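Down below is the structure, laid out as structure tokens.
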Number of protein chains: 2
Amino acid sequence: MEAESGLSTGVLMFIPYRALEDRVFAALAAAGFDDFTPAQARVMQRIGPQGTRLTELAAQAQITKQTAGFLVDQLEKAGYVRRVPDPTDKRARLVCGAEKAWAAKRVADAVVAEVEREWEAHLGKRRMKQLREALTLLREITDPWA
Amino acid sequence: MEAESGLSTGVLMFIPYRALEDRVFAALAAAGFDDFTPAQARVMQRIGPQGTRLTELAAQAQITKQTAGFLVDQLEKAGYVRRVPDPTDKRARLVCGAEKAWAAKRVADAVVAEVEREWEAHLGKRRMKQLREALTLLREITDPWA
DNA sequence: TGACTTCAGTCAGCTTCCCTGACTACTTTG
DNA sequence: CAAAGTAGTCAGGGAAGCTGACTGAAGTCA
């Protein structure tokens with residue numbers, strides 16, 4: 001494509017993101033959490049401490065409620081979540097994380113922290129801070145929700 | 001947990017990337033290039049000026065050669081690429097971009113440039129430069145190939 | 001030269017993810 | 001209470017990816 005460092009800023013962002021994601025999934029698999037998929041993880045990530053409604057999960061993950069329902073079914077079978085009736089609305093049920101989900105989250109969080117330390121070691125404290133600052137600012141005009 | 005936002009640096013990178021991708025696809029669709037998918041685009045992007053082998057495309061896009069073959073089939077039907085025999089190796093064929101592909105690329109490149117200008121306007125010239133610098137450095141330890 | 005090995009690409013069959021459309025059950029509101 | 005809105009499911013389908021098994025061509029080496 002282009003000659004020099006001619007990659008677009010967008011692509012330059014995607015490369016480290018993808019590398020991080022790969023690391024997290026590898027670590028989860030190594031720790032025995034190999035029975036869920038990236039799509040399921042994306043939903044699971046968004047479950048709040050008190051549980052979250054299916055419709056809410058779907059909206060946040062930007063998928064249809066049908067897809068979310070399918071993914072939650074699989075997560076339920078694998079023992080990561082359970083569905084409990086919502087006491088405040090008899091139409092709804094709350095998707096709650098099970099202990100297995102929190103255990104996986106602890107592993108994932110540890111890897112993210114480790115990778116960020118590696119990045120900081122490579123960039124130096126100053127540049128890492130600038131990077132986060134620029135990205136946080138950029139979020140203001142690129143984050144469609146929040 | 002940082003003060004500015006609790007999001008990991010990886011997620012912070014993904015947000016603008018996704019926003020850029022959405023913009024590019026919307027612009028392509030608006031320009032009439034609505035007959036290909038993101039997956040097909042990811043393959044098409046990697047076709048060199050003189051054409052590229054299927055196996056090479058698969059490796060670069062990090063998919064199997066079967067999947068790549070399937071996507072190239074679709075691109076061929078839609079008129080974006082054609083396959084020609086490789087003169088230097090009778091086993092292989094070169095996937096070459098057709099004029100329609102280059103036209104789409106021109107549209108995409110224009111949108112990328114436009115979005116980058118918007119980002120620079122929001123961040124300021126200095127911060128944009130720092131951002132690209134940090135990301136380029138980060139590529140050294142996160143880009144699995146090159 | 002002939003026997004292995006390697007590489008390019010295809011075929012067949014499968015899973016996962018995600019969609020639309022149509023539906024039931026319950027809540028809220030006028 | 002009737003109408004409108006919301007939570008979730010069911011049915012069906014398409015896109016994208018995988019593995020495994022294969023053909024045909026090239027390269028290697030005794």
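Not measured: the values here are computed from a predicted model. A, B, ... follow the sequence lines: proteins, then strands. Residue 1 opens every chain.
Taking 4.0 Å as the cut-off between side-chain N and carboxylate O, A:Arg106 and A:Glu99 count as a salt-bridged pair. The pair B:Asp22-B:Arg18 counts as a salt bridge, with a side-chain nitrogen and a carboxylate oxygen less than 4.0 angstrom apart.
Counting only heavy atoms from C-beta on, B:Lys90 has its side chain closest to D:dA26 among C:dC26, D:dA26, D:dT9. Among C:dA8, C:dT10, C:dC17, the nucleotide with an atom closest to any side-chain atom of B:Ala92 is C:dA8. For B:Lys65, the side-chain atoms get nearest to C:dA8 when compared with the rest of D:dT9, C:dA8, C:dC17. When the nucleotides D:dA26, D:dT9, C:dC19 are ranked by their closest atom to the side chain of A:Thr64, C:dC19 comes out on top. Residue A:Gln40 has its side chain nearest to C:dC17 when only D:dG17, C:dC18, C:dC17 are considered.
Between A:Leu138 and B:Leu131, some side-chain heavy-atom pair lies under the 4.5 Å cut-off.
Nucleic acid contact for A:Asp89: sugar-phosphate only, since backbone atoms but no base atoms lie under 4.0 Å from a heavy atom of the residue.
In this structure, A:Tyr17 has its ring center at least 6.0 angstrom away from the ring center of B:Tyr17.
Between the side chain of A:Gln66 and the base of D:dG12, no donor-acceptor pair under 3.5 Å is found.
Between A:Arg91 and A:Arg42, the residue anchored closer to the 5' end of DNA chain C is A:Arg42, taking for each the nucleotide with the nearest heavy atom. Place B:Gln74 and A:Arg93 on DNA chain D by their nearest nucleotides, and A:Arg93 ends up nearer the 5' end.
Within the 4.0 Å cut-off from OP1 or OP2 of D:dG8, at least one side-chain nitrogen or oxygen of A:Thr55 is found.
C:dG9 atom C1' lies 14 Å from atom CD of B:Glu56, rounded to whole Å.
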